[in-house]
Amino acid sequence: MKEADISKALGQHLMTLADVPSIVWENKDKPDSVSRPYLVVQMVRVSRKSLDLAGGGGITSRGFMQITIVHELDNWAKPAEELADRIAAHFRKGTKLSENGGTVTVMDSPNVLTALRDESDWRVPIQIDYWAS
């Protein structure tokens with residue numbers, strides 16, 4: 001499965017979440033018109049392997065989609081945490097997404113990672129592990 005198809009399948013699934021805030025996709029700048037809260041998406045590729053020794057079979061890919069919620073500072077953590085829980089529930093373990101003849105499978109329950117406070121934002125990352133073939 002091509003990496004672009006993996007990104008597309010996972011991204012399209014994210015966009016089906018009701019009341020999703022604006023999304024800033026990887027390799028794109030945040031438009032000035034987008035205000036907090038918003039999501040930042042990054043695809044992290046871990047491995048790509050051929051399914052057979054001769055190299056004629058398909059390819060499997062492993063990695064994770066990281067969705068970072070960018071929220072206002074000094075606004076309590078609860079709104080960002082509630083959004084993180086909704087996103088995690090939307091990408092349930094075992095979810096299968098089809099794209100261009102391949103399948104992306106969510107391998108584990110998503111991890112809501114440690115939030116961090118930077119100079120102007122409260123950021124909550126969510127890690128969604130996948131396997132694709």
Side-chain angles (χ1 to χ4, degrees):
M1 185 169 196
K2 295 180 180 178
E3 297 301 324
D5 292 333
I6 296 167
S7 297
K8 182 178 179 184
L10 290 165
Q12 286 179 336
H13 187 65
L14 174 60
M15 291 188 305
T16 65
L17 180 64
D19 300 320
V20 68
S22 296
I23 302 170
V24 178
W25 300 101
E26 61 183 350
N27 198 28
K28 294 290 237 176
D29 291 328
K30 180 186 81 63
D32 292 336
S33 61
V34 171
S35 60
R36 294 180 300 262
Y38 61 89
L39 307 178
V40 176
V41 172
Q42 181 178 3
M43 299 300 296
V44 180
R45 278 97 175 151
V46 175
S47 69
R48 274 179 70 82
K49 296 184 181 177
S50 174
L51 290 175
D52 69 16
L53 295 175
I59 300 290
T60 62
S61 295
R62 282 188 327 106
F64 62 91
M65 177 186 214
Q66 181 162 308
I67 302 168
T68 302
I69 300 167
V70 181
H71 219 279
E72 296 92 3
L73 279 178
D74 299 322
N75 191 30
W76 304 100
K78 185 178 178 183
E81 290 170 344
E82 288 175 339
L83 179 54
D85 288 337
R86 283 194 323 113
I87 292 169
H90 190 63
F91 285 89
R92 280 189 280 268
K93 178 180 180 178
T95 298
K96 293 188 184 300
L97 308 168
S98 296
E99 183 61 40
N100 203 21
T103 302
V104 179
T105 304
V106 176
M107 295 306 297
D108 235 327
S109 297
N111 291 308
V112 177
L113 303 171
T114 303
L116 63 99
R117 179 183 179 129
D118 69 12
E119 292 178 11
S120 60
D121 303 310
W122 180 250
R123 295 178 176 263
V124 179
I126 303 133
Q127 179 177 319
I128 300 158
D129 294 320
Y130 69 81
W131 183 84
S133 62

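Using a 4.5 Å cut-off between side-chain heavy atoms of Ile, Leu, Val, Met, Phe, Trp and Tyr, with links allowed through other members, Val124 and Ile23 fall into the same hydrophobic cluster.
Minimum heavy-atom separation, Val41 to Met65: CG1-CE, 3.6 Å. Here the closest heavy-atom approach between residue Pro125 and residue Ala115 is recorded as CD-CA, 4.3 Å. Across all their heavy atoms, Phe91 and Leu10 have their closest contact at CZ-O, 3.8 Å.
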**Request:** Go through Val20 and Met15 one step at a time and tell me if the side chain to side chain contact (heavy atoms under 4.5 Å, CB included) criterion holds.
**Result:** CA-CA 7 Å; Val20 68; Met15 291 188 305; 5.5 Å; no
**Message:** Applying side chain to side chain contact (heavy atoms under 4.5 Å, CB included) to Leu97 and Gln12, what does each step give before you reach the verdict?
**Reply:** CA-CA 9 Å; Leu97 308 168; Gln12 286 179 336; over 6 Å; no
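No donor-acceptor pair closer than 3.5 Å links the side chain of Arg36 to the backbone N or O of Trp122.
Distance CZ/Arg123 to CG/Asp118: 5.0 Å, rounded to 0.5 Å. Separating the NE2 atom in His13 from the OH atom in Tyr130 is a distance of 15.0 Å, to the nearest 0.5 Å. The distance from the CD1 atom of Ile87 to the CD1 atom of Ile126 is 4.0 Å, given to the nearest 0.5 Å. Remark: Arg48 CZ to Ile6 CD1 distance equals 6.5 Å, nearest 0.5 Å.
The shortest side-chain heavy-atom distance between Leu83 and Leu39 falls under the 4.5 Å cut-off. Within the 4.5 Å cutoff, the side chain of Ser61 has no heavy atoms near those of the Arg45 side chain.
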Per-pair distances, 0.1 Å, donor-acceptor, side chain in residues 69-82, under 3.5 Å, sequence neighbours excluded:
| unit_1 | atom_1 | unit_2 | atom_2 | d |
| --- | --- | --- | --- | --- |
| Glu72 | OE1 | Asn75 | ND2 | 3.4 |
| Asp74 | OD1 | Arg117 | NH1 | 3.3 |
| Asp74 | OD1 | Arg117 | NH2 | 3.4 |

Table please: side-chain donor-acceptor pairs of residues 25-34 below 3.5 Å, with sequence neighbours left out.
| unit_1 | atom_1 | unit_2 | atom_2 | d |
| --- | --- | --- | --- | --- |
| Glu26 | OE1 | Met43 | N | 3.0 |
| Lys30 | NZ | Val34 | O | 3.0 |

Which atom pairs, one a donor and one an acceptor, fall under 3.5 Å between side chains of residues 98-110 and the rest of the protein, sequence neighbours left out?
| unit_1 | atom_1 | unit_2 | atom_2 | d |
| --- | --- | --- | --- | --- |
| Glu99 | OE2 | Lys8 | NZ | 3.3 |
| Asn100 | ND2 | Asp5 | OD2 | 3.1 |
| Thr105 | OG1 | Lys96 | NZ | 3.4 |

